[in-house]
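Excluded from the calculations below are hydrogen atoms, water molecules and symmetry mates; all remaining heavy atoms, backbone and side chain alike, are included. In each ligand, atom 1 is the first atom listed, and ligand 1 is the first ligand listed.
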Amino acid sequence: MKAIKPKFEEMAHTLNQINSGIEIVAVTKQVGVDRTQEAVDAGIRHLGENRPEGLQLKHAEIKGNVSWHYIGTLQSRKVKEVIGLIDYLHSLDRMSLAKEIQKRADKPVKCFVQVNVSGEDSKSGFSPEQVPAFIEALKEFDKVQVVGLMTMAPNTQDEAQLRTTFKGLKELQQQIVAGKWQHAPCTELSMGMSNDYLIAAEEGATFVRVGTALVGSESEAER
Ligand SMILES: *Cc1c(COP(=O)(O)O)cnc(C)c1O
């Protein structure tokens, strides 16, 4: 597989020209510990995992100063296993999950509310219309801090459709910011993956979640 460092440096440089302060979350769910360590040694500071097992393994093995991001659907019964290990949760997609976090966390957890902007049945998250009321309700939850909104765009090369999705998330974010809720500064936008991170950056992403285009993917046999 290709070395991560030059790829990361090029990606960071390109993103920095679009907007300074975009953070790259390297999604390491499809690679093992060695490749993940290579990413950290290349200077990557944010790692994303979408399964409790992967998170626990990497958290235990990886050496370096890393922020841990949980990016996948999180089952309520798994909250207690991951909540102490993560710095960010990108997938707050239902009230029952917020309740479980409130019950299990020792300190406030930085959360992104997941929004299904494109309205596809296959995607989890709130519809944009549901988001303001959900966030308002979260003010009772002192362990849930709404740092931003997250979306997954449709799996398409259609640039116009991608931009519409990202713009939709940005508009919603501005609406939440205007509400000036103390528990929901909502300054961040988690959007953009390997296929569409440049477009997401142009539309205001502050965290892009990039897996295959940055660290590649390994088959089970290679790990
Ligand atoms: C896997 C995943 C990514 C990264 O996907 P790539 O296409 O490999 O960049 C980003 N976000 C979420 C929620 C994911 O599950």
Side-chain angles (χ1 to χ4, degrees), residues 1-2 4 7-8 10-12 14-15 18 22-33 35-36 38-40 42 44-58 66-75 78-79 82 85-94 97 109-126 147-159 161-162 165-166 168-169 188-220 222-223:
M1 279 202 288
K2 286 213 183 104
I4 295 173
K7 184 74 217 169
F8 172 57
E10 181 205 312
M11 196 178 279
T14 309
L15 288 171
I18 297 171
I22 300 174
E23 302 285 1
I24 299 172
V25 180
V27 176
T28 50
K29 67 187 184 195
Q30 295 196 87
V31 300
V33 167
R35 186 75 171 162
T36 304
E38 184 190 335
V40 174
I44 288 172
R45 286 291 160 263
H46 298 275
L47 296 180
E49 285 283 333
N50 74 337
R51 302 227 182 279
E53 298 73 25
L55 174 74
Q56 287 164 323
L57 173 68
K58 268 95 171 210
V66 173
S67 290
W68 296 93
H69 297 250
Y70 198 90
I71 61 168
T73 301
L74 180 57
Q75 293 178 321
K78 298 283 185 181
V79 166
V82 310
L85 305 182
I86 61 175
D87 299 290
Y88 293 87
L89 175 72
H90 289 246
S91 47
L92 179 53
D93 59 0
R94 57 196 195 278
L97 181 57
V109 181
K110 296 190 186 84
C111 296
F112 290 85
V113 173
Q114 184 168 350
V115 189
N116 184 359
V117 180
S118 59
E120 293 163 276
D121 288 343
S122 61
K123 293 208 153 60
S124 51
F126 292 94
V147 296
L149 303 180
M150 177 276 212
T151 201
M152 290 177 75
N155 183 11
T156 176
Q157 300 295 336
D158 181 344
E159 192 178 319
Q161 203 186 342
L162 293 168
T165 303
F166 297 140
L169 194 69
E188 310 302 326
L189 282 174
S190 169
M191 56 191 200
M193 317 195 338
S194 290
N195 173 44
D196 54 20
Y197 68 91
L198 287 176
I199 295 170
E202 286 168 1
E203 298 299 342
T206 62
F207 287 86
V208 293
R209 310 177 309 270
V210 188
T212 42
L214 182 55
V215 299
S217 75
E218 296 166 345
S219 68
E220 287 292 333
E222 282 174 278
R223 267 188 253 172

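- Proximity to Val210 (heavy-atom distance under 4.0 Å) selects the following atoms of ligand 1: 9 (O).
- With ligand atoms numbered from 1 in the order given, ligand 1 contributes 6 (P), 7 (O), 8 (O), 9 (O) to contacts under 4.0 Å with heavy atoms of Thr212.
- Note on ligand 1: Ile71 sits in its first shell, one or more heavy atoms being nearer than 4.0 Å.
- Of the N or O atoms in Ser194, one or more lie within a sub-3.5 Å distance of an N or O in ligand 1.
- For ligand 1, the atoms lying closer than 4.0 Å to a non-hydrogen atom of Lys29 are 1 (C), 2 (C), 3 (C), 14 (C), 15 (O).
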If you apply the rule side chain to side chain donor-acceptor pair (under 3.5 Å), what do you find for Glu49 with Thr28, and how did you get there? CA-CA 6 Å; Glu49 285 283 333; Thr28 50; 2.6 Å; yes
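- Taking any N or O of Arg209, backbone or side chain, at least one lies under 3.5 Å from an N or O belonging to ligand 1.
- With Leu47 as the fixed residue, the side-chain contact (heavy atoms from CB on, under 4.5 Å) test singles out one of Val66, Val27, Asp87: Val66.
- Atom-to-atom distance recorded for Ile199:CD1 and Gln157:CD is 8.5 Å, nearest 0.5 angstrom.
- The nearest protein atom to atom 5 (O) of ligand 1, hydrogens excluded, is given as Met193 CE, 3.7 Å; this is a heavy-atom distance.
- By the 3.5 Å distance cut-off applied to N or O atoms, Gly211 is counted among the residues near ligand 1.
- With no hydrogens or angles considered, a side-chain donor-acceptor pair links Glu188 and Thr206 at under 3.5 Å.
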